[in-house]
Amino acid sequence: MRVSRLMLVTLRDDPAQAEIPSHKLLLRAGYIRRVASGIYAYLPLLWRVLQKVSAIVREEMDATGALETLLPQLQPADLWQRSGRWAGYTAGEGIMFHLKDRQGHELGLGPTHEEVITDLAADLLRSYRQLPVNLYQIQTKFRDEIRPRFGLMRGREFIMKDAYSFHSDEASLRDTYAAMDGAYRRIFRRCGLRAVAVEADSGAIGGSASQEFMVTADAGEDLILTSADGCYAANQERAVSLPTPPVELPGGLRTGGAGELLATPGQTSIEQLVGAHGFEASQLVKVLLLLARFQDGYLQPLLISLRGDQQLNGVKLANAVSARLAGDHGVLLGIDPLSFELVAALNRSEGRSIDLSAFPLGYLGPDLDDGLLSGSRPSLGVEGREVRAGSSGVAALPQPPRQQLSAKFLRLTDPTAAQLPAFVCGANQIDRHRVGASWQGLQLEPEVVDLRAAQPGDRCLHDSAQTLTAARGIEVGHIFQLGKKYSEALGARFTNESGEEEALWMGCYGIGVSRLAQAAVEQNHDGDGICWPVAIAPFEVIIVVASSQDPLQSELAERLYGHFQAEGLDVLLDDRPDRAGVKFKDADLIGIPYRLVVGRGAASGVVELVERATRQSQELTVDAALEAVVAAVRSGRSGLQVPGAAAG
RNA sequence: CGGGAUGUAGCGCAGCUUGGUAGCGCACUUCGUUCGGGACGAAGGGGCCGCAGGUUCGAAUCCUGUCAUCCCGACCA
């Protein structure tokens with residue numbers, strides 16, 4: 001390809017809308033253009049990168065025996081209703097773009113394809129003899145992200161490789177899961193990425209085991225915790241660790257564990273209590289008051305107890321609450337601190353509400369009386385200027401589910417709090433705390449769940465000599481053992497060896513292809529531009545003619561260009577009439593791994609070879625340069641080379 | 001959705017406080033001189049000042065509304 005024909009438009013200034021280096025560089029170097037929020041045009045240069053990434057993904061997936069397919073992007077609501085995900089994915093701030101066709105049928109643009117593929121599996125897979133099967137596709141996905149950002153990093157339309165495997169038993173699922181783990185490691189390595197596999201939360205997809213692949217970069221949206229010995233790595237959402245031991249409470253139990261009242265006027269925070277009375281934060285039990293909202297309108301107040309020096313992990317909490325209540329009340333829509341704002345919002349809707357002013361906020365103890373909930377007054381409802389559906393012109397809108405408030409708290413306690421033999425906690429009355437309380441003394445049997453957030457510096461479970469360190473990560477891949485969640489919901493059954501019908505075991509495996517391309521830039525750039533790894537570079541070598549007017553240089557450049565094309569290299573010829581400096585700047589910016597400069601040495605048959613990533617350069621005779629470039633590119637294509645080794 | 005900011009030429013910005021009909025750099029076109037790290041000179045083209053109302057003799061500038069974009073939190077490949 002000739003640069004004069006490449007529609008190359010590079011920018012000298014950083015675009016104001018871009019924040020992180022990879023986003024700026026992709027815009028400046030002419031790889032992407034924004035079309036709408038979270039929606040991008042992949043310009044010819046980027047499309048070549050995406051094709052190369054896809055090719056690597058295909059090779060590695062195919063090598064495991066997976067089958068490539070292509071599923072529809074437009075999917076019927078019916079399938080999603082059967083899996084129980086339609087409401088959760090479309091209602092409110094749902095992530096699924098959905099629409100009605102002219103017959104009035106509801107459809108959604110696929111944010112993921114479990115439903116479609118499982119329905120197909122139900123149709124096609126009948127016998128254990130057909131299993132296992134692993135199907136994948138590389139395709140555009142649509143998610144109406146709450147906040148698209150950082151260019152391709154979190155777009156609303158993006159390219160993803162997703163695979164779904166089907167098995168007759170759990171052991172087979174584990175085998176494929178392990179094969180995917182291996183394939184993913186090779187894929188990221190071949191793409192020139194430094195990625196780590198971390199234990200992950202399964203999130204909205206569901207299932208048991210799951211692992212994320214994180215490209216480490218400061219711009220990453222996730223926090224990952226790793227041990228130096230490499231034995232443990234987890235997303236902070238999921239991470240576990242050994243808490244620091246608590247400091248023993250002087251005096252131990254008082255009044256048999258019921259605790260002794262202590263006047264604590266205005267001391268509503270851990271810091272204030274610690275400061276005023278010389279307590280250690282680890283001697284306190286703090287009680288958090290939250291409200292969980294469910295799909296069917298059920299509202300569950302939560303009373304969460306944590307040791308005073310620990311932080312709540314919201315993901316762990318949501319999982320624990322979901323596990324207890326989602327069966328009866330549908331999808332957990334959210335958990336929010338029970339604040340006056342939230343109560344005011346609830347007051348405006350139907351049903352009963354909570355009288356938060358009756359709560360001794362800042363002085364809550366884990367034995368807070370359920371009576372505070374049943375004593376709540378009926379909501380004043382729709383007086384004033386509130387408009388009701390049905391009483392106005394919007395009668396066609398569906399009624400929101402009627403809210404129903406639980407009469408009891410769901411009380412969950414983190415082990416760090418549950419294990420304290422004697423502690424300080426709120427007395428459930430204003431300006432009073434209790435010292436020397438115990439769970440038994442308060443006549444409580446705590447329901448113990450791991451709810452605390454692991455922190456950098458914590459000791460590891462597998463080896464208490466190891467501590468966790470934090471790093472930012474970009475999630476480029478995620479693999480799940482789904483189990484039977486979707487196959488049971490959608491009736492995907494097969495006949496096993498004993499002639500019995502059984503639901504299929506499933507796994508699913510995603511790679512964000514467009515995100516991966518940007519993550520590669522995030523990890524491979526310098527002050528002058530992108531430094532693409534050879535394996536995914538849009539072009540492998542660029543020939544720069546220092547002075548296009550010099551027929552000697554032009555002719556030599558053309559000869560080299562033809563030679564590389566004949567050798568099957570992806571070669572770019574910068575034949576523009578611009579000055580050499582302009583072409584050097586552009587070559588650095590767009591990040592072509594090898595640059596061959598045909599300049600003043602042309603007359604004596606000498607050219608200059610520069611490796612982009614290392615800036616190493618050498619003067620070579622034409623023949624030696626040809627040989628060096630071809631050799632370097634060929635070895636670089638595997639993605640397994642060490643930068644610098646080729647041009648040295 | 002909550003909090004913060006910004007919308008002026010393809011890109012980056014000034015002008016707005018104190019209203020008088022739009023400017024700078026880059027990019028683009030033509031000519032000349034340059035020619036190995038984003039050259040110089042000359043001439044030129046390109047703007048419903050996000051949109052809609054309002055105030056005013058007069059609005060990029062003041063007021064109201066609205067839309068869009070970006071940043072910080074909840075979502076995820």
Side-chain angles (χ1 to χ4, degrees), chain A residues 9-20 23-24 27-28 30 33-34 36-38 57 88-89 92-96 111-113 138-163 184 200-205 212-215 221-222 235 237 314-315 318 333-337 339 341-342 345 474-480 508-519 528-529 544-550 553 577-589 595 597-602 607-608 610 615 617:
Chain A
V9 179
T10 57
L11 305 174
R12 193 180 291 226
D13 299 311
D14 277 336
Q17 57 173 217
E19 198 68 14
I20 63 174
H23 188 193
K24 289 179 183 172
L27 284 165
R28 273 192 61 203
R33 279 293 141 99
R34 195 186 71 90
S37 178
V57 169
Y89 270 64
E93 294 178 0
I95 206 163
M96 192 168 184
T112 176
H113 282 75
I138 296 173
Q139 200 209 35
T140 298
K141 291 274 188 284
F142 300 89
R143 291 184 189 171
D144 194 3
E145 291 287 343
I146 299 166
R147 182 149 86 91
R149 62 184 135 175
F150 301 148
L152 307 181
M153 219 55 115
R154 178 175 300 281
R156 297 196 295 170
E157 183 181 309
F158 59 97
I159 298 175
M160 176 168 156
K161 187 284 303 180
D162 49 330
Y184 274 37
D201 183 71
S202 303
I205 307 290
E212 288 167 336
F213 293 85
M214 296 284 191
V215 169
E221 296 184 85
D222 289 275
N235 192 312
E237 294 175 346
V315 174
L333 298 179
I335 297 179
D336 305 289
S339 62
E341 291 79 13
L342 182 62
I474 300 164
E475 181 188 357
V476 290
H478 200 156
I479 60 178
F480 301 79
C508 78
Y509 319 93
I511 290 179
V513 172
S514 43
R515 177 185 282 183
L516 186 157
Q518 185 169 337
D528 291 326
V544 174
V545 190
S547 161
S548 314
Q549 293 80 349
D550 180 347
Q553 293 185 17
D578 296 83
R579 295 158 62 90
V582 172
K583 300 191 211 181
F584 293 155
K585 287 285 183 191
D586 274 345
D588 286 350
L589 181 60
R595 185 179 84 205
V597 184
V598 179
R600 52 195 166 215
V607 292
E608 182 191 16
V610 184
R615 302 176 196 258
S617 81

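No hydrogens, no waters, no symmetry mates; every other heavy atom, side chains included, goes into these values. Keep in mind it's a predicted model, so treat the numbers as computed, not measured. Here is the naming used below: chain letters follow the sequence lines, and residue numbers restart at 1 for every chain.
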**Student:** Regarding B:C70, can its base be found pairing with the side chain of A:R34 as donor and acceptor, where the two atoms are less than 3.5 Å apart?
**Tutor:**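 No such pair is found, so the answer is no.
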**Student:** Which residues pass the side chain to side chain contact (heavy atoms under 4.5 Å, CB included) test with A:L11, sequence neighbours left out?
**Tutor:**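 Once residues adjacent in sequence are excluded, the partners of A:L11 under the side chain to side chain contact (heavy atoms under 4.5 Å, CB included) criterion are A:P15, A:R28, A:R33.
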**Student:** Counting the atoms with a prime plus P, OP1 and OP2 as sugar-phosphate, which does A:E212 contact under 4.0 Å by heavy atoms, base, sugar-phosphate, or nothing?
**Tutor:**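 A:E212: no heavy atom of the nucleic acid under 4.0 Å.
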**Student:** B:A43 and B:G36: how far apart are their P atoms, nearest whole angstrom?
**Tutor:**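 Nearest-Å result for B:A43 against B:G36 at atom P: 28 Å.
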**Student:** When you compare B:G47 with B:C11, how far apart are their C1' atoms, in angstrom units rounded to a whole number?
**Tutor:**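 Roughly 14 Å separates the two C1' atoms.
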**Student:** Pick the P atom in B:C13 and in B:G7, then give their distance to the nearest Å.
**Tutor:**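 Approximately 9 Å lies between the P atom of B:C13 and that of B:G7.
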**Student:** Which one is paired to B:C70, where only Watson-Crick or G-U wobble pairs with both distances under 3.5 angstrom count?
**Tutor:**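 Per the H-bond distance test, B:G4.
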**Student:** Could you state the atom-to-atom distance from CG of A:N235 to C1' of B:C75 in whole Å?
**Tutor:**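 Distance, rounded to whole Å: 13 Å.
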**Student:** Pair A:Q518, A:H23 - check side chain to side chain contact (heavy atoms under 4.5 Å, CB included), show working.
**Tutor:** CA-CA 7 Å; A:Q518 185 169 337; A:H23 188 193; 3.8 Å; yes
**Student:** Can you check the distance between B:U61 and B:G20, where both ends of the measurement are the C1' atom (answer in whole Å)?
**Tutor:**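 The same atom, C1', in both gives a distance of 11 Å.
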**Student:** Rounding to an integer number of angstrom, what distance separates B:C62 and B:A27 when you compare their P atoms?
**Tutor:**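 Approximately 33 Å lies between the P atom of B:C62 and that of B:A27.
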**Student:** Just to be sure I understand the rule, does A:D14 reach a base, reach only the sugar-phosphate, or reach nothing, if contact means heavy atoms closer than 4.0 Å?
**Tutor:**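 Contact class for A:D14: sugar-phosphate only.
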**Student:** Check every strand shown and say whether A:G155 touches a base, only sugar-phosphate, or nothing at a heavy-atom separation below 4.0 Å.
**Tutor:**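 Result for A:G155 = base.
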**Student:** Let me know the distance between NZ of A:K24 and C1' of B:C11, rounded to the nearest Å.
**Tutor:**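 Distance, rounded to whole Å: 14 Å.
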**Student:** Ignoring hydrogens and geometry beyond distance, is the side chain of A:R154 in donor-acceptor contact with the base of B:C76 at under 3.5 Å?
**Tutor:**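 Looking at the base of B:C76, it does pair with a donor or acceptor on the side chain of A:R154 (distance under 3.5 Å).
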**Student:** Using whole Å, what does the distance between atom P of nucleotide B:A9 and atom CG of A:D13 come to?
**Tutor:**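 Rounded to whole Å, this separation is 14 Å.
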**Student:** Between B:C11 atom P and A:H23 atom NE2, what is the distance in whole Å?
**Tutor:**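 For the pair A:H23 NE2 and B:C11 P, the rounded distance is 13 Å.
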**Student:** Contact class for A:Y509 (heavy atom, under 4.0 Å): base, sugar-phosphate, or nothing?
**Tutor:**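 No contact.
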**Student:** Taking only the C1' atom of each, what is the distance from B:C57 to B:C71 in whole angstrom?
**Tutor:**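 Each nucleotide's C1' atom is 43 Å from the other's.
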**Student:** B:C76 P sits how many Å from A:I146 CD1, rounded?
**Tutor:**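 Spelled out: CD1 on A:I146 to P on B:C76 is 8 Å.
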**Student:** So if I apply the side-chain contact (heavy atoms from CB on, under 4.5 Å) rule between A:F213 and each of A:I511, A:I474, A:L516, A:I479, which one comes out positive?
**Tutor:**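 The side-chain contact (heavy atoms from CB on, under 4.5 Å) with A:F213 is passed solely by A:I479 among A:I511, A:I474, A:L516, A:I479.
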**Student:** Taking the nucleotide of RNA chain B with the nearest heavy atom to each, does A:E19 or A:V315 sit closer to the 5' end?
**Tutor:**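 Mapping each residue to its closest nucleotide by heavy atoms, the 5'-most match is A:E19.
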**Student:** Among B:C75, B:C72, B:A77, which nucleotide sits nearest the side chain of A:F480?
**Tutor:**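 Closest nucleotide to the A:F480 side chain: B:A77.
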**Student:** From the options B:C71, B:A77, B:G12, select the nucleotide whose nearest atom is closest to the side chain of A:P15.
**Tutor:**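 When the side chain of A:P15 is considered, B:G12 is the closest of B:C71, B:A77, B:G12.
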**Student:** Say we look at B:G45 and B:U30: how far apart would their P atoms be, to the nearest angstrom?
**Tutor:**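 15 Å, rounded to whole Å.
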**Student:** In B/S/- notation, 5' to 3', how is nucleotides 36-41 of chain B contacted by protein heavy atoms closer than 4.0 Å?
**Tutor:** BBBB--
**Student:** Work out how far the P atom of B:C1 is from that of B:G10, and round it to whole angstrom.
**Tutor:**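 Looking at atom P only, B:C1 and B:G10 are 30 Å apart.
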**Student:** Tell me whether the OP1 or OP2 atom of B:C72 has a side-chain N or O from A:R149 closer than 4.0 Å.
**Tutor:**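 So the side chain of A:R149 is within the cut-off, an N or O lying under 4.0 Å from OP1 or OP2 of B:C72.
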**Student:** What is the nucleic acid contact for A:Q17, judged by heavy atoms within less than 4.0 Å: base, sugar-phosphate only, or nothing?
**Tutor:**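 It contacts sugar-phosphate atoms only.
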**Student:** If you check the A:Q549 side chain, which of B:C35, B:C11, B:C71 turns out closest?
**Tutor:**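 Given the options B:C35, B:C11, B:C71, the side chain of A:Q549 is closest to B:C35.
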**Student:** When the distance from CG of A:L152 to P of B:A77 is rounded to whole Å, what number comes out?
**Tutor:**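 For the pair A:L152 CG and B:A77 P, the rounded distance is 17 Å.
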**Student:** Tell me which one of A:K583, A:R615, A:R595 satisfies salt bridge (charged side-chain N to carboxylate O under 4.0 Å, His left out) with A:D588.
**Tutor:**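 It is A:R595, the one option of A:K583, A:R615, A:R595 that forms the salt bridge (charged side-chain N to carboxylate O under 4.0 Å, His left out) with A:D588.
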